[in-house]
Every structure is written in structure tokens, then in C-alpha cells.
Protein chains: 2
Amino acid sequence: MSGFQRYKKILDLFSEERSSWTVLEISKSLKTPSSTIYRIVREMVTAEFLESASGSYFRLGPAFIKFNRIITFSDPLVRAGQPFLKKLANENPITSVNVLARLYGNNVMCVADYKSPTFKKNTSYQRGKLMPLIYGATSKAIIMQITGKRLENLINLENFKSDEHKTNFLKELKNDRKKGYCFTEGQVDKGLIGFAVSISNKKLGIVASLSSIFNLDDFLLEHEPIIYANLTTYGLLVEKYINEIFDDIQKYHHETNSIR
Amino acid sequence: MSGFQRYKKILDLFSEERSSWTVLEISKSLKTPSSTIYRIVREMVTAEFLESASGSYFRLGPAFIKFNRIITFSDPLVRAGQPFLKKLANENPITSVNVLARLYGNNVMCVADYKSPTFKKNTSYQRGKLMPLIYGATSKAIIMQITGKRLENLINLENFKSDEHKTNFLKELKNDRKKGYCFTEGQVDKGLIGFAVSISNKKLGIVASLSSIFNLDDFLLEHEPIIYANLTTYGLLVEKYINEIFDDIQKYHHETNSIR
DNA sequence: ATAAATTTCTCATAAAATGAGAATTATTAA
DNA sequence: TTAATAATTCTCATTTTATGAGAAATTTAT
């Protein structure tokens, strides 16, 4: 264990299911002497990446809330897209969950979501949640932007049920790429359907998607054109705003650099 | 620079105002050779605490979104209080921002907020935001729970305008402690007033507050009793739920320990 | 295609992390 | 309160890792 890994390994123990750990538990889990873990944990508490809770338990610290906030208020994709999610929800013909997701390393992560107040079911689409790479329209509208070697690498990390499954997936991807949008049914959550369009910005290295998720029960065929129209319109708007934000950032850096 | 500090110092450069940095900029700013920074940044990108953006810029990475999510879904205070903020907003006689904040190290941080849809002004009360320790009802309802040496230490970190200011603050604190709630006017944002009650849980080491912020212009004296009644009721409810969550956690750890 | 900027690599040296166990401090129970 | 136990910090010799200067390679811009 060395470098940042030393700290990362500890943080990675914390999850929704298990959000507090004692030093001894960490020590056992990582097979590392407790005197070492005590030292490391103390460091991380000082840095506010962990905080000591009751008993001798430790929890994730406030640093994550702080930095998350900075991202929310400065990430180009979130800044550009967040305000449109609610509008999209309001203009959709039926109650929906609307999601901005992007490729982060080898994962798709939801970075912003807005659920209509009337949407009842709990969904897997929530900010911060990692999504499966090969299931759901949200992810497909992201993967379909990737080609060549990069696509191959990503795909190879996934567990397909069979070779046929894989071939089919790639075929669908090609089709979706032509159509410019994705549709899936029940791939992530039972009883839900998803529609998605791609969002990207080369200069900022953003590979993302905008999607609307509906209850299958609410859905009628006549809704489809409106849904696609909405997604396409807002998708383009988001891209436009990302560009504007990019220009702002450029300008800002230019200024601060010339001042220096 | 050693240990976690090495990484923390880099992360601390990132802010809402300046959310992307090049290695060279970091290197200059921290007065550390760029070959060293390149190595460290690479590590952090691998760990998803940073991500490379356009040009040669780096941004905060997805790890923060992920861990923030884990906190949101597992932090006892957030879990217990979040669902009540909207209810509180709906029951308040006038449009409001409702806030859960807690003491984190030597800072007060907002950990959840709900703004009535009709509330127009932008406020400083947003999840993840660090609040001034000695201004605003939100913070006072937190500080007033602290006594003795700990209070002295906290207070000594603050810049009071004068000795009188400090004495007054401590006097007010005593008063508020007796009354059981706090009120301030325009201390954090001009034109806004705040009401707050304390929330705490010794076993979990939580020192927090629940507060409602209103436009001064909307406020009438007759609203006051309702506001206090709401805050008190919901404050107690939140504490009750924190206790229940605590019991759940205890039970969970008991189970996982005995299985092991 | 060339120049410039960015990033990685190498390696000797300096610095820091490690872990066993002792010492101290908190917590719990009698 | 006291005794017992658990949690945390400390110490230090040893091992491991980080450092930084500059060369080399790669990427990006002209």
C-alpha cells in the first residue's frame, strides 16, 4: 500500500450499507496493523475526510460535502444541465425522472437528477450513483459516442451474459448512433423505460447523456415524438450552455494568467 | 509536505471561483517541482479524486460525488432531517429557506437545505457551504450548545470586531441557551432573518441546528409563535429519528460483528 | 512538418511510513 | 470511586517510498 492508495483503500470501505468503521475493523479488513491505521485515520480526520462518530467509529467527513458543492457549482456539465432538468420534467407528457449522466473513467455516473414530484417509484437514477455501463438508455447514449479501441476496452471490462448478448449490444449501439437517440425497457429498474440523447463537449472532455425515465404503465405510443423532441431540444441547449461556460472559463484563465 | 497533506494541499486549491488548474499552476502555487506534482496528480486521477479536463487542466473528480452520495444516504443527521425540511417549509406562514447545519471541526456547515419554490433571493444557506461561526441564527443555535474550554477555543479562532462585540456575543449566547432558540437579523445575508433551534445527539457526536430563514419584508410579528412552534416540533422529531437511526446502526454492527 | 508544451521516466538521495510493543488516555462496569 | 478493559498515541530501528533534476517521450499547436 503506498501513496494515495493508502488513503483510498480506507475510504473505499465506506458505503451506504456500512457507513461507520472502527480502526480495528479497518485494520482487520485491510490486514494492516492497527497502529498504522490509527496514524492514517488521524491524518484523515485532521483533513476532514473522516470524522470520528460515537463509540470508536469513524465516518466519512465533511470534506466530501464541501468538494461536492464546489463541483456542483463549477462543473460545466452540471452547471449547464441542472437548470434544464426541471423544465424537461415539466414539459414531458407524463411523470418522469430526468437525468444527466457522464462517463467517468470506466463508469457511467449520474451527476444531476430531477424527479417529478408525482413520480412515485424509487429509481436507481440519483446523483452520485454509478450506473451499469451496458444497461439502460442513459448509459447507451453515452457509450454510443465511443468508438474503436476505447470502446473495445470498455466493453471488455463488462460481463456479458453470452457472446450473442455482446454482439447484439454492439449492433444496437450502431443503430442508436444512426438514429441519434436510445430507448430501453426495464434494463435498470423493472417497470421503467428510458429515453436518452447524447451530450458531448470535446474541448472539455465531456462524454455524457440526457435522459428521461418513465413508468411503463403511464406510457402511450403517442407520447414518443414529444419525448424525443424534448430531449433533443434540451440536449442541444445543454451543449450550447456548456460551450458558453467553456468560453467563460477560458476568459477567466486568460485574465488570471495575464495578471500574474 | 507529507502524508495526506500532500494531497489535501492540491485539492484545497480548487474552489467555486477557480475550479481548474494545470500542473504548472499547481506547481508554482505550492512551490513544488512540477515532476513531483505530475506524479501526485496522476495518482489522484487514477483514484478519481481529480480528472483531466480540456487543455492541460485538471478538475475535481467524481469520487467526491460518489462519497457525497454515500454521506447523504447514510449520515444520521441528513437521513433524519432531510425529509422534514420540505414539511417545515410548507408549514411556515411565509416563504422560507430551511436548513440543517452542524459543527464540523471548527466550522459550521450546512448539510441539507430546502428552499420554498416561491423564495426568490439567493441565500448563503446551501448544502456544503461553510457558515460563519458567530453570525446567523443557524450557527448560534449550534455554538450555544458548547461550553467551557471547547467554547473558548472555538471563540478564540474568530475575529471579533472588538472586545465589546465578543462580550455581547457571549451574553446573547447565554440568553439564547435559556430561551432554547435563536433569532438574528441580516447577519449573514442582508434583508433576511433567521430563527433556529438546537439539535444534538451525544452518542453520535452530533452538534447541529435546524433553522428557517425568511425575507424581512415578508415577516410580521404574528408569525413568530408559529415559526417557533414549527421549529421546536420538527427539531424534536429530527432528534427522535436520529435516535432511531442510531439504534439501527448499533443493531447492524452487532449483527455483522457476531457473524464474523 | 516543426516547434513548443505537456507528461513521463530514471535514479541517486533524502525523507517518510511501517509495525511491534510500551505507554498513555478514555470508557465501562463493579 | 476503583479496577479492568478498550482505545489511542508514542517510540524507534528498519524498510519503503517520495523527491527532484534533467533527459526522454509524447501530445498539442503552429
Side-chain angles (χ1 to χ4, degrees), chain A residues 1-11 13 20-47 49-59 61 105 148-150 201-205 246-247 249-250 253-254 256-258 260, chain B residues 1-11 13 20-47 49-59 61 105 148-150 201-205 246 249-250 253-254 257-258 260:
Chain A
M1 233 195 330
S2 81
F4 196 69
Q5 258 324 90
R6 183 166 55 238
Y7 305 99
K8 179 85 181 332
K9 267 200 177 163
I10 292 179
L11 292 174
L13 291 173
S20 46
W21 289 76
T22 66
V23 168
L24 245 50
E25 288 167 349
I26 297 173
S27 154
K28 269 184 192 169
S29 185
L30 300 183
K31 295 184 181 59
T32 306
S34 57
S35 61
T36 302
I37 301 292
Y38 270 114
R39 193 162 351 93
I40 298 179
V41 165
R42 197 176 344 136
E43 268 189 279
M44 294 174 84
V45 170
T46 306
F49 277 66
L50 290 178
E51 64 164 351
S52 74
S54 70
S56 38
Y57 283 93
F58 291 86
R59 275 201 301 262
K149 196 81 192 162
R150 176 103 180 81
N201 187 300
K202 251 199 167 166
K203 291 175 288 179
L204 283 168
F246 175 78
D247 291 342
I249 296 174
Q250 291 283 81
H253 280 138
H254 213 273
T256 47
N257 281 342
S258 41
R260 194 207 314 128
Chain B
M1 236 195 328
S2 81
F4 197 68
Q5 257 326 90
R6 182 168 54 237
Y7 306 99
K8 180 85 183 331
K9 268 200 178 163
I10 292 179
L11 293 174
L13 291 174
S20 47
W21 290 75
T22 66
V23 169
L24 245 50
E25 287 167 349
I26 296 173
S27 155
K28 270 184 193 169
S29 185
L30 301 183
K31 295 183 180 62
T32 305
S34 57
S35 61
T36 302
I37 301 293
Y38 270 114
R39 193 165 347 94
I40 299 179
V41 165
R42 201 183 332 143
E43 268 189 278
M44 294 174 85
V45 170
T46 306
F49 277 65
L50 289 178
E51 64 164 354
S52 73
S54 69
S56 38
Y57 283 93
F58 290 87
R59 276 201 301 260
K149 197 81 194 160
R150 177 103 180 81
N201 187 299
K202 252 200 166 167
K203 292 175 289 181
L204 282 169
F246 175 78
I249 296 174
Q250 291 283 81
H253 280 138
H254 214 272
N257 281 341
S258 42
R260 196 207 315 130

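Residue numbers start from 1 in every chain, and the chains themselves are labelled A, B, ... in the order their sequence lines are given, proteins ahead of strands. Predicted model only: the values in this text are computed from it and were never measured.
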How would you label the contact of [X] with the nucleic acid (heavy atoms, under 4.0 Å): base, sugar-phosphate, or nothing?
| X | result |
| --- | --- |
| A:G55 | nothing |
| B:S34 | nothing |
| A:R42 | sugar-phosphate |
| B:T22 | nothing |

| Which one, C:dT7, C:dT18, D:dT19, comes nearest to the side chain of A:R6? | C:dT18
| query | So which nucleotide from D:dT9, C:dA16, C:dT7 ends up closest to the side chain of A:Y38? | reply | D:dT9
| How far does CD1 of A:I40 sit from NZ of A:K9, to the nearest 0.5 angstrom? | 10.5 Å
Could you tell me whether the phosphate oxygens of [N], OP1 or OP2, come under 4.0 Å of any side-chain nitrogen or oxygen in [X]?
| X | N | result |
| --- | --- | --- |
| A:S35 | C:dG19 | no |
| B:R39 | D:dT19 | yes |
| A:T36 | C:dG19 | yes |

| said: Are A:F49 and A:Y7, when compared by the centres of their aromatic rings, separated by less than 6.0 Å? | reply: no
| message | For DNA chain D, report each stem as range with range, ordered by first number, or say none. Use Watson-Crick or G-U wobble pairs under 3.5 Å, at least 3 in a row. | response | C:1-30 with D:1-30
